[in-house]
Amino acid sequence: MRRLLMLVIALLLVLAGCNTESNQDKVKKESESKTLTVSAAASLTDVTKALEKEFYKKHPNTNIKFNYGGSGSLRKQVEAGADVDVMMSANTSDIDKLQDENKVSKVYDYAKNKLIIIKYKNSTVKELRDVSSPDKVAIGEAKSVPAGRYAIDYMKKEDLYEGMTSTFVFAKDVKQVLNYVQKENAEAGFVYATDMYKGKDKKVDNVVKLADAPLDEPIIYRAGLVTDKKEAKAWFEFLKSKEAKEIFKAYHFEG
């Protein structure tokens, strides 16, 4: 009888342990399902923090992880199977390529921007053509940074490209371009108009606009829905909301 009782107790302990483990797995699974990973162009670093705060008002249990970089690099990560739910690009072509590869199910154009040329505050440069080697012009890597491709397009349009290639110093994204100019490691650089601001209103230190760099086509920012997770769909739809549009406007993006 005693032996039978011991066996029953042992069995109950085993079952309790399995139940506890099952509950832990369930909690972990639920936690993971509420984590949203957004890959975003580096020029979105500040505005996405404001978007996140607004999103939390209706989705307080969603944990958002942002991964910033050049749009081309972010696209390659998605192609390689990285854990990404939504990609927010600084162009249309990288999202379109993912759509062609069936890596995104939906796309949405959520903002526009402008390309500008910057210099550090005490630079004597009056226009871009004044810069000559060994002085440097910072631009994003053309293969992975849309702003780098836009910069090359602009210089070719203005017949500046061939005479300036010896001055180029390449950066992994627009934030690094900004850093090169801020620290006076480059005389000038190509960034977006929104990169002149730190947050909504404060201008970045030691940088001034040298000139606009108008292009033949507008710079359109496009997003792609990578997974069908509930949180991913909620973020994607949130980008279309009035609240999101107002935040982009407050951070100097165009609609």
Side-chain angles (χ1 to χ4, degrees), residues 38-55 64 66-74 86-95 108-121 128 137-142 144-154 171-183 186 188-224 235 238-255:
V38 178
S39 283
S43 55
L44 297 168
T45 302
D46 290 335
V47 70
T48 47
K49 297 298 191 296
L51 290 169
E52 180 183 23
K53 289 181 181 179
E54 183 65 31
F55 184 76
I64 306 177
F66 290 104
N67 171 39
Y68 299 105
S71 297
S73 296
L74 297 178
V86 178
M87 179 173 159
M88 297 175 67
S89 181
N91 63 1
T92 58
S93 60
D94 284 306
I95 297 296
Y108 175 65
D109 297 343
Y110 59 92
K112 293 179 183 177
N113 215 333
K114 289 182 177 179
L115 189 70
I116 63 170
I117 307 167
I118 59 171
K119 66 176 184 176
Y120 58 85
K121 195 170 184 179
L128 186 64
V137 173
I139 65 173
E141 289 280 2
S144 58
V145 184
R149 292 197 292 275
Y150 298 144
I152 290 173
D153 289 344
Y154 168 77
K172 65 179 182 179
D173 54 44
V174 287
K175 293 302 182 186
Q176 190 171 52
V177 171
L178 187 67
N179 183 265
Y180 282 152
V181 177
Q182 271 187 310
K183 294 186 176 180
F190 285 83
V191 297
Y192 297 115
T194 53
D195 293 312
M196 288 292 292
Y197 296 88
K198 189 175 182 180
K200 283 197 297 185
D201 304 311
K202 186 179 178 182
K203 290 275 187 92
V204 294
D205 297 329
N206 198 35
V207 172
V208 295
K209 184 170 81 169
L210 177 61
D212 290 314
L215 302 168
D216 293 332
E217 299 292 334
I219 297 175
I220 298 173
Y221 281 41
R222 182 167 290 172
W235 179 265
F238 166 68
L239 293 178
K240 303 176 184 180
S241 69
K242 177 183 176 182
E243 291 82 2
K245 293 178 188 297
E246 288 176 349
I247 290 170
F248 278 115
K249 184 177 180 180
Y251 280 76
H252 310 283
F253 288 86
E254 298 179 1

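Count residues from 1 along the sequence.
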remark   = Between the CG atom in Asp46 and the NZ atom in Lys200, the distance rounded to the nearest 0.5 Å is 12.0 Å
ask   = What's the verdict on side-chain contact (heavy atoms from CB on, under 4.5 Å) for Val204 and Tyr197, showing C-alpha distance, side-chain angles and the deciding distance?
value = CA-CA 5 Å; Val204 294; Tyr197 296 88; 6.0 Å; no
ask   = With the threshold set at 4.0 Å, does a side-chain nitrogen-carboxylate oxygen contact exist between Lys209 and Asp212?
value = yes
For Met87 against Ser71, the heavy-atom pair lying closest together = CE-O, 3.3 Å
ask   = Between Lys121 and Val207, is any pair of side-chain heavy atoms under 4.5 Å apart?
value = no
request  = Step by step, work out the side chain to side chain donor-acceptor pair (under 3.5 Å) result for Thr194 and Asn113.
outcome  = CA-CA 7 Å; Thr194 53; Asn113 215 333; 2.9 Å; yes
request  = Kindly indicate, with the supporting measurements, whether the criterion side-chain contact (heavy atoms from CB on, under 4.5 Å) is fulfilled by Leu128 and Phe190.
outcome  = CA-CA 10 Å; Leu128 186 64; Phe190 285 83; 3.5 Å; yes
Inter- and intrachain pairs under salt bridge (Lys or Arg N to Asp or Glu O under 4.0 Å), touching residues 238-255, at least two apart = Lys114-Glu254, Glu237-Lys240
message = Working note: Asn91 + Ile219, criterion side-chain contact (heavy atoms from CB on, under 4.5 Å); need CA distance, chi angles, decisive distance, verdict.
response = CA-CA 7 Å; Asn91 63 1; Ile219 297 175; over 6 Å; no
ask   = Would you call Asn179 and Lys175 a side-chain contact if the rule is heavy atoms closer than 4.5 Å?
value = no
ask   = So, do Tyr154 and Ile117 sit near enough that their side-chain heavy atoms are less than 4.5 Å apart?
value = yes
query = How long is the gap from CD1 on Ile247 to OG on Ser241, to the nearest 0.5 Å?
reply = 7.5 Å
ask   = Do Leu210 and Ile118 have side-chain heavy atoms sitting under 4.5 Å apart?
value = no
inquiry  = How close do Val191 and Val174 get, counting heavy atoms only, and between which atoms?
reply    = CG1-O, 3.9 Å
task = Show your working on side-chain contact (heavy atoms from CB on, under 4.5 Å) between Phe66 and Glu52 and close with a plain yes or no.
result = CA-CA 10 Å; Phe66 290 104; Glu52 180 183 23; 3.7 Å; yes
message = Contact between Pro146 and Tyr192 at the side-chain level, heavy atoms closer than 4.5 Å - yes or no?
response = yes
inquiry  = Are the side chains of Asp94 and Leu74 in contact, using a 4.5 Å heavy-atom criterion?
reply    = no
inquiry  = List the residues meeting ring pair (Phe, Tyr, Trp, His ring centres under 6.0 Å) with Phe248, not counting sequence neighbours, and say none if there are none.
reply    = Tyr110, Phe253
ask   = Are Tyr108 and Tyr221 close enough that their ring centres sit under 6.0 Å apart?
value = no
message = Just to verify, what does Ala171 make a side-chain contact (heavy atoms from CB on, under 4.5 Å) with, not counting sequence neighbours?
response = Gln176, Val177, Tyr180
